[in-house]
Q: 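Quick one: structure below, then a few questions.
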There are 2 protein chains.
Amino acid sequence: MVEPIRLNSLASEVFDRVVDAITSGEFEPGEKLSESNLARELGISRGPIREALQRLEGKLVQRVPRVGVRVIEFGADELRQLFYLREAMEGMAARLAAENVSDDWLAEVEGMLGRHGQSIRDSHSYRQKSTDEDFHFAIARASGCANIERLLLSEVYYQLRIHRLKSSTRPGRAEEALAEHRAIFDRLRARDPDGAEAAMRAHIRSARESTLSLL
Amino acid sequence: MVEPIRLNSLASEVFDRVVDAITSGEFEPGEKLSESNLARELGISRGPIREALQRLEGKLVQRVPRVGVRVIEFGADELRQLFYLREAMEGMAARLAAENVSDDWLAEVEGMLGRHGQSIRDSHSYRQKSTDEDFHFAIARASGCANIERLLLSEVYYQLRIHRLKSSTRPGRAEEALAEHRAIFDRLRARDPDGAEAAMRAHIRSARESTLSLL
DNA sequence: TGGCTGTCCTCTGTCAACAGTTTGCGATCA
DNA sequence: TGATCGCAAACTGTTGACAGAGGACAGCCA
């Protein structure tokens, strides 16, 4: 079988690069992103740059008409509101997932949780490396609700990554979070929608408290 | 005080016009929107058109790379998922609003509900004319959560309008909805977050059932 | 007759350039 | 000395043009 030729548009390429640059801290919050400069640095014209920056608007950057685009700034208020949104959407995702999950999915996620436990015992941190390993993303996928999956990815998780860049987690929080994940998983395996939503919302409230108490 | 000069960008103008055209039925679901054609018809270049269409991506249109943009098509599945998202976000909005609302806000919304009641007695329909008169939008505003307000507006309400274009409501649904709105309002006035969220979610589930049963 | 192929036209993705606006800096004046 | 004004540079919003890809249609071959 022949490999299909991957013809990413320049705009998508720029989009990915800017997301990486922002979520890795290369571009700092509040920093101005000039279309002309980016175009010069990347060696392309301003069109694709404009397109990529516009796709990021409201997610990772803010635009001021006739002035330009800056990396979003993140205060305690914004962070709290982000957790509210997350609680609402992920709670619903967990509810829907509880109605949908297959035995295969449960087995896979159980393995993931086992690896997470091992990782914590090794390093006492709980940083997910890839989205495939992300428990929350797995539930969003399993919800079968394309809207929720898309919005969580594009509106919530990107912004969360910005915050995680410059904040540490409370000692012991990793173990707590894993225990809460196991509680959610337990309700998913029991196919208990109410319980799954309640467990997920409790988990996210707990993460919110833990995060905000450190500011 | 001098009125600030309103200098809308062409892209915003096009955005508004395309939203109107789609939500009013001038552009039908599935119809292809050609950048070149729109540019010719509106007498401007393709840049602002591209920008406007891109802002609508995922909301009212879908883009296929190298092919173009079509008006989003709306099946029963998509509609159900839209109601799930709505239930999650508006439920949370009602909860937050119950913690935030001022007496002034309550008085204003009580007046709005009174007008809605009158409108139903007159015409037996429950079509909101403007967003200012929209009960749900008022709650989203009152939540004080900018994220939720923005996403409800841009992701949910636009799509709902498409659906309402070509679907009738069950006889008697208007009265039901108003009664449910009053129940939500009652919990808001009592500053009861749990009750407000529960009432809102019950209302949206009820709307979902009523809507889907007609397909 | 049915499917494949080549051609033409239109459209999207990208680029380079122009006009008007914002911003920063230096000069001017009280 | 401090604030204001004017100018120049840089940037955004917009335009028109070009290259390559997709789609329609007619002609060709089995």
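Convention: sequence-line order gives letters A, B, ...; per-chain numbering from 1. The model shown is predicted, which means the values in this text are computed figures rather than measured ones.
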Q: Could you tell me if A/H116 and A/H181 have a donor-acceptor pair between their side chains, going purely by distance under 3.5 Å?
A: no
Q: Determine whether the side chains of B/Q118 and B/D122 contain a donor N or O and an acceptor N or O closer than 3.5 Å.
A: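 B/Q118 vs B/D122: donor-acceptor pair found between side chains.
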Q: Decide side-chain hydrogen bond (donor to acceptor under 3.5 Å, both in side chains) for A/S206 and A/R173; before the verdict, give the C-alpha distance in whole Å, the side-chain angles of both, and the deciding distance to 0.1 Å.
A: CA-CA 10 Å; A/S206 158; A/R173 175 61 198 156; 2.8 Å; yes
Q: What is the distance, to the nearest angstrom, from the CD atom on B/E35 to the P atom on C/dT12?
A: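 In whole Å, C/dT12 P and B/E35 CD are 5 Å from each other.
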Q: In whole Å, what is the span from the CZ atom of A/R66 to the P atom of C/dA19?
A: 15 Å
Q: Select from B/R46 and B/E51 the residue whose nearest nucleotide in DNA chain D is closer to the 5' end of that strand.
A: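 Looking at DNA chain D, the more 5' nearest nucleotide goes with B/E51.
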Q: For the side chain of A/R50, starting at C-beta, report the closest nucleotide among C/dT12, D/dC11, D/dG13.
A: D/dG13
Q: For the pair made of CG in A/L33 and C1' in D/dC11, what is the distance, rounded to whole Å?
A: 13 Å
Q: Would you kindly give the CD-to-P distance between A/E57 and D/dT12, to the nearest whole Å?
A: 13 Å
Q: Looking across every strand, which nucleic acid part, if any, lies under 4.0 Å from B/S34 by heavy atom: base, sugar-phosphate, or nothing?
A: sugar-phosphate
Q: Identify which nucleotide among D/dT15, D/dC11, C/dC11 has an atom closest to any side-chain atom of B/S36, counting heavy atoms from C-beta outward.
A: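 Nucleotide nearest to B/S36's side chain: C/dC11.
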Q: Working to the nearest 0.5 Å, report the span between CZ of B/R150 and CD of A/E155.
A: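 One gets 4.5 Å once the value is rounded to the nearest 0.5 Å.
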Q: Rounding to an integer number of Å, can you tell me how far A/F15 CZ sits from C/dG13 P?
A: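 Rounded to whole Å, this separation is 16 Å.
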Q: Of all heavy-atom pairs between B/L53 and B/L33, which one has the smallest distance, and what is that distance?
A: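 Looking at all heavy atoms of both residues, the shortest contact is CD2-CD1, 4.2 Å.
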Q: Expressed in angstrom and rounded to an integer, what is the separation of B/I49 atom CD1 from C/dT12 atom C1'?
A: 14 Å
Q: Counting any heavy atom closer than 4.0 Å, what does A/G47 reach on the DNA or RNA strands: base, sugar-phosphate only, or nothing?
A: nothing
Q: Side chain of B/S45, heavy atoms from C-beta onward: which of D/dG13, D/dG16, C/dA16 has the nearest atom to it?
A: D/dG16
Q: Just the rounded figure in Å: distance from C1' of D/dT14 to CD of A/Q54.
A: 14 Å
Q: Can you identify which nucleotide, out of C/dC15, D/dC11, D/dA17, has its nearest atom closest to the A/I44 side chain?
A: C/dC15
Q: Atom CG of A/L10 to atom P of D/dC18: distance rounded to whole Å?
A: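 Going from A/L10 (CG) to D/dC18 (P), I get 20 Å.
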